[in-house]
Amino acid sequence: MATCEVCGNSYEKAFTVTMEGRDHTFDCFECAIHALAPACSHCGCRVIGHGVGEGGHVFCCAACAEHEAAGAARRH
């Protein structure tokens with residue numbers, strides 16, 4: 001059994017995600033999102049969809065991008 005790197009749970013159905021050349025082991029998608037998904041530059045929530053990007057910043061939605069005056073933010 002593998003052990004989740006976020007919660008420490010040992011689980012027979014754990015899975016591995018390779019990101020930027022590093023392997024990460026999780027027992028659920030919630031832990032994978034917590035560890036790997038970018039955080040919105042405005043509100044801090046995890047961006048699990050396409051998000052909005054501008055000037056090297058990632059936002060969860062257009063409203064957060066507008067709050068940060070990102071201007072011509074583009075959807076991913």
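As the structure is a prediction and not an experimental result, all values here were calculated from the model.
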Value rounded to 0.5 Å, distance of CE in Met1 from OG1 in Thr25: 14.0 Å
Nearest non-hydrogen partners of Val58 and Pro38, listed with the distance: CG1-CG, 4.3 Å
Atom CD1 of Ile33 with >12 non-hydrogen neighbours under 6.0 angstrom: yes
Approximate separation, where rounding is to 0.5 Å, of Ser41 OG and Glu54 CD: 11.0 Å
Closest contact, heavy atoms only, Ser10 versus Thr3: OG-OG1, 3.2 Å
With sequence neighbours excluded, residues passing side-chain contact (heavy atoms from CB on, under 4.5 Å) with Phe15: Val17, Phe26, Phe29, Ala32
Tyr11 with Val6, same ILVMFWY side-chain cluster at under 4.5 Å: no
For the student: nearest non-hydrogen atoms of Val52 and Ala65, plus distance: CG1-CB, 4.1 Å
Spacing of Arg46 atom CZ and Cys40 atom SG [to the nearest 0.5 Å]: 11.0 Å
Minimal non-hydrogen separation, Asp27 against Cys4, with atom names: OD1-SG, 3.4 Å
